[in-house]
K.L.:
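One structure is given below, represented as C-alpha cells, and several questions about it will come after.
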Amino acid sequence: MKKNTARSIMTVDFQYAHRFMNWEREAKHLHGHSGLLTVEMENTVDEKTGFAFPCKEAQKIAWAEVLDNFHHATLFQEGDPLLEAVIDTYKKNGIINDPKFCVPLKKIDHPLAWSYPEYRVVVTKKVSTCENLCELFYELLKDKMPIKKITFRSSAMNAASMEF
C-alpha cells in the first residue's frame with residue numbers, strides 16, 4: 001500500500017442463476033445463488049471527508065451501473081444450448097423485465113459479457129465461476145472506482161478473489 005493511502009471496502013449482495021455448461025457434476029444443472037461481491041478501493045485519503053472512496057457512493061455506482069443487471073438474472077456461457085430455449089420460452093410466455101413493474105436494465109456490451117436486458121439474461125464469454133466473475137466485475141467497474149481487489153462469493157464454500 002502506498003503512503004497516505006487506505007482501502008475502502010464495500011459489499012453488495014444479489015441473487016442470480018447459472019450453470020456450468022461443460023461440467024460433469026451437479027452444477028451442470030441450472031441453479032441459483034446469493035452472490036456477494038466485495039470491492040476494495042485503494043486511494044489517497046481525502047483530507048476533507050476522511051474516505052479513500054465513499055462506500056455508499058461505491059455501492060450506488062456498482063448497483064446502478066452493473067449489478068442490477070445481474071440481480072435475478074440468469075447467466076449463460078456463450079454457446080450454451082439452453083440460452084436460446086430459455087429466451088424462446090420467455091418470449092412465448094411474455095416473461096419480460098417490464099419497465100412498469102421492474103427497474104429498466106442497461107444493456108451490457110463487453111467482450112466478456114453481453115445481455116438481453118428485457119429477459120434478465122446475461123451471456124458470459126467464460127464459465128461463470130467465482131474466479132471469472134471477479135474478472136468480469138472488475139472489467140465492468142474498473143473505470144468507475146479505484147479497485148485494488150475484488151472478492152466474489154457464491155456460497156459458503158465457493159469464493160475467489162483477485163488483486164489488481
K.L.:
Let me have the donor-acceptor pairs involving side chains of residues 154-164, under 3.5 Å, with sequence neighbours excluded, atom names and distances please.
P.N.:
residue	atom	partner	partner atom	Å
S155	OG	M157	N	3.2
S155	OG	N158	N	3.2
S155	OG	N158	ND2	3.2

K.L.:
Taking the side chain as everything from C-beta on, heavy atoms only, tell me whether V39 gets closer than 4.5 Å to L37.
P.N.:
yes
K.L.:
Indicate, with yes or no, if the rings of F70 and H72 have centres closer together than 6.0 Å.
P.N.:
no
K.L.:
Take N22 and V127 through the test side-chain contact (heavy atoms from CB on, under 4.5 Å) and record every step on the way to the result.
P.N.:
CA-CA 9 Å; N22 296 313; V127 62; over 6 Å; no
K.L.:
OG/S128 to CZ/F20 distance, rounded to the nearest 0.5 angstrom?
P.N.:
5.5 Å
K.L.:
Quick check: do T11 and L36 have side-chain heavy atoms less than 4.5 Å from each other?
P.N.:
yes
K.L.:
Are T5 and N43 packed together at the side-chain level, in the sense that at least one heavy-atom pair is separated by less than 4.5 angstrom?
P.N.:
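No, their side chains stay 4.5 Å or more apart.
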K.L.:
Drop me the distance from I147's CD1 to K142's NZ, to the nearest 0.5 angstrom.
P.N.:
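Those atoms lie 9.5 Å apart.
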K.L.:
Could you state the interatomic distance from CG (L136) to CD (E131), rounded to the nearest 0.5 Å?
P.N.:
13.5 Å
K.L.:
Cluster question for you: counting only ILVMFWY and a side-chain heavy-atom cut-off of under 4.5 Å, with indirect links fine, are L75 and F152 together?
P.N.:
yes
K.L.:
Look at the side-chain heavy atoms of Ile, Leu, Val, Met, Phe, Trp and Tyr, link any pair under 4.5 Å apart, and say whether L67 and Y138 land in one connected group.
P.N.:
yes
K.L.:
Please answer: with hydrophobic residues joined when any side-chain heavy atoms are less than 4.5 Å apart, are Y16 and W63 in the same cluster?
P.N.:
yes
K.L.:
For a 4.5 angstrom cut-off between non-hydrogen side-chain atoms, does M41 reach M10?
P.N.:
yes
K.L.:
Is E135 salt-bridged to K126, going by a charged N under 4.0 Å from an acidic O?
P.N.:
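So E135 pairs with K126 through a salt bridge.
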K.L.:
Do the side chains of V123 and L133 join up, straight or via other hydrophobic residues, at under 4.5 Å, putting them in one cluster?
P.N.:
no
K.L.:
Which atom pair, heavy atoms only, marks the closest approach of P99 to P104?
P.N.:
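Between these two residues, the closest heavy atoms are CB-CG, 4.2 Å.
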K.L.:
Taking the side chain from D46 and the backbone from K48, do they hold a donor-acceptor pair closer than 3.5 Å?
P.N.:
yes
K.L.:
Is there a side-chain contact between V45 and N4 (heavy atoms, below 4.5 Å)?
P.N.:
no
K.L.:
Shortest non-hydrogen contact from H31 to R19?
P.N.:
CE1-CA, 4.1 Å
K.L.:
Between M145 and I61, is any pair of side-chain heavy atoms under 4.5 Å apart?
P.N.:
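Yes, close enough: below the 4.5 Å cut-off.
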K.L.:
Could you check if a side-chain atom of T74 sits within less than 4.5 angstrom of a side-chain atom of V122, using non-hydrogen atoms only?
P.N.:
no
K.L.:
Please evaluate residues E40 and K148 with respect to the criterion salt bridge (Lys or Arg N to Asp or Glu O under 4.0 Å), reporting the C-alpha separation (whole Å), side-chain torsions for both, the decisive distance (0.1 Å), and the verdict.
P.N.:
CA-CA 6 Å; E40 296 184 29; K148 184 64 176 173; over 6 Å; no
K.L.:
Nearest heavy-atom pair of W23 and A27: which atoms, and what distance?
P.N.:
CD1-CB, 3.8 Å
K.L.:
What's the shortest heavy-atom distance between K144 and F53, and which atoms?
P.N.:
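Nearest heavy atoms, K144 then F53: O-CZ, 4.1 Å.
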K.L.:
Show the nearest heavy-atom pair for residues F137 and I150, with the distance to one decimal.
P.N.:
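Reported closest heavy-atom pair: C-CD1, 3.9 Å.
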K.L.:
When you look at L30 and H18, which way does the side-chain contact (heavy atoms from CB on, under 4.5 Å) test go after all the steps?
P.N.:
CA-CA 5 Å; L30 197 56; H18 73 156; 5.6 Å; no
K.L.:
Is the number of heavy atoms from other residues, nucleotides or ligands within 6.0 Å of NZ (K107) greater than 12?
P.N.:
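More than 12 within 6.0 Å, yes.
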K.L.:
Can I get a per-line list of side-chain donor-acceptor pairs under 3.5 Å for residues 81-89, giving both atom names and the distance, sequence neighbours left out?
P.N.:
residue	atom	partner	partner atom	Å
T89	OG1	A85	O	2.8

K.L.:
Enumerate donor-acceptor pairs with a distance under 3.5 Å from any side-chain N or O in residues 109-121 to protein atoms, sequence neighbours excluded.
P.N.:
residue	atom	partner	partner atom	Å
H110	ND1	L112	N	3.0
S115	OG	I108	N	2.8
R120	NE	H71	O	2.9
R120	NH1	N97	OD1	2.7
R120	NH2	D68	O	2.9
R120	NH2	H71	O	2.6

K.L.:
Nearest 0.5 Å, what's the NE2-CZ distance between H33 and F14?
P.N.:
10.5 Å
K.L.:
Hey, quick one: are V103 and Y90 part of the same hydrophobic cluster, counting side-chain heavy atoms closer than 4.5 Å, chains of contacts allowed?
P.N.:
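As far as the 4.5 Å side-chain criterion goes, Y90 and V103 are not connected within one cluster.
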K.L.:
Any heavy-atom pair between the side chains of M21 and K28 that's under 4.5 Å?
P.N.:
no
